[in-house]
Amino acid sequence: MWGGRFATGPDAVMREINASIGVDKRLWREDIAGSKAHARMLGAVGVLSAADVEAILGGLETIAGEIEAGGFAFSEALEDIHMNIEARLRELIGEAAGRLHTARSRNDQVATDFRLWLRGALGEIEASLTELMETLARKALAHADTVMPGFTHLQTAQPVTFGHHCLAYVEMLARDRARLADARARANECPLGAAALAGTSFPIDRRATARDLGFDRPMANSLDAVSARDFALEALAAAAIAQGHLSRLSEELVVWSSAPFAFVRLPDAFSTGSSIMPQKRNPDAAELVRAKTGRTAGSFVALLTVLKGLPLAYSKDMQEDKALTFEALDALALSIAAMTGMVASLSVNDEAMRSAAGAGYSTATDLADWLVRVAGLPFRAAHHVTGRLVALAETRGVALDALPLADMQAVEPAITGEVFGVLSVDASVRSRTSEGGTAPANVEAAARGWLARLDAETAADRT
Ligand code: ARG
């Protein structure tokens, strides 16, 4: 009754909307590992014969080899990675392949694969963040006493050191890394054995499969096991925050490498030219890292929206989780690599930073503090006196330390020649010795502290 007109059209579209193989083939290693653990467990509890287990494990090995070698034909008709592998297993070993899916469903299978994949991906991102932190800490050590303007509102505020600025990012990235590690630890529970949603009547051993796959424990509730995706959401939230930090640093690189600032120069390897303006050196990598924040934050919001309002347990909506997660974590991994390359290879223009650090009356606070400390003025009064001196210097078009002492004394008689000792940018940063402050001695100690910690971590990882 529907006629030939409809018979194939909807099928093709249905196939297209339903298939996820293009995205989830990336889970093949995890899918094979999960299947092997499941088969071994079924053998151990007596659900499968030893011969079947052996055939299944051998067949899965062969498939892994085929995929690795690029000789595996992925088929859209077989929907996803799970069915692609199972179908090939049947071709290879025949009937025993059909017994692998005993006491299992694609619902617990995909949740297991995805958790395994995420665990690995987060571990790699954490390691690359460690490398970026090390790179920044090394830059900080090399520039512990390189003065630059510190900004608020992007207006010159007080001199700081470039090393201090680098270490601010090390602190942020350390928190990012901890958030990702936390998400990884929470994701490390095993859904396998929840089956479709209710568990199974077969005498399976979920602890054995969890242990086999390196999970901390089996998930406690079968409905939760197949419907939870907060492990991915949490990773995406942490990734979006980390990407946001990289974006802020990117923005600074864009500003700092611009001609009016000229604080840093990115090497040719991390710059691009313009097809019309021969003088241009564009910081494209920094701009793209900044831009990718849109994707990462977008993935988080998209997955949150997909999951919101889904009834328990599995719904096909959840298939969208992987593309979003892959996209965000790929973007973050690439951004970290690009940022590490840029930071490692940028050159610092000490003179440009120094001259900008002294501009804009950046040591006015030092003058006010001196009036408090030496002349005994209340801070508010000192602030007012300093404001008048800045206005005076501005009218004359000179820096604060170029005002004659007599002119200063006309504004505030308590000022002595000693004041000139605090008006240079070097004296300013040297004086900021409070805990966490920008004094070069602090920065050097903090950079060394970070390098020692990161070194100890890497050494501990190796043992
Ligand atoms: N490809 C599916 C996914 O990624 C696997 C689970 C399918 N389960 C199902 N009941 N149709 O979500």
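Start at 1 and go down the list; that is how both ligands and their atoms are numbered. Note: hydrogens, waters and symmetry copies are ignored here, and every other heavy atom, side chains too, is used.
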### Query
Can you tell me the protein heavy atom closest to atom 4 (O) of ligand 1 and the distance?
K322 NZ, 2.7 Å

### Summary
heavy-atom search around atom 7 (C) of ligand 1 in the protein gives Y314 OH, 3.6 Å

### Query
How about K316: does its NZ atom have over 12 heavy atoms from other parts shown lying under 6.0 Å from it?
yes

### Task
Using the six-membered ring wherever Trp is involved, compare the ring planes of F72 and F74 and label them parallel, tilted or perpendicular (cut-offs 30° and 60°).
tilted

### N or O contact, H82 vs ligand 1, cut-off under 3.5 Å
no

### Task
Below 4.0 angstrom from a heavy atom of S20, which ligand 1 atoms are there? Numbered from 1 as shown, please.
1 (N)

### Task
Step through it carefully: locate the ring centre of F162, locate the ring centre of W256, and say whether they are under 6.0 Å apart.
yes

### ligand 1 contact by Q109, heavy-atom criterion under 4.0 angstrom
no

## Note on the structure
Quick note on ligand 1: atoms under 4.0 Å from a heavy atom of Q319 include exactly 1 (N), 2 (C), 3 (C), 4 (O), 12 (O)

### Query
With a 4.0 Å cut-off, would you call E457 and R177 a salt bridge?
yes

### E320 atom CD: more than 12 heavy-atom contacts under 6.0 Å
no

### Query
Nearest to atom 8 (N) of ligand 1, what protein heavy atom do you find, and at what distance?
N107 OD1, 2.9 Å

#### Entry: For atom 11 (N) of ligand 1, closest protein heavy-atom neighbour
R106 NH2, 3.6 Å

### Interfacing atoms of ligand 1 (cut-off 4.0 Å, heavy-atom, D80)
1 (N), 2 (C), 5 (C)

### Query
Below 4.5 Å, heavy atoms only, C-beta onward: do V53 and L42 meet side chain to side chain?
no

### Query
Is it true that the NZ or CZ of R119 lies under 6.0 Å from the centre of F215's six-membered ring and within 45 degrees of the ring axis?
yes

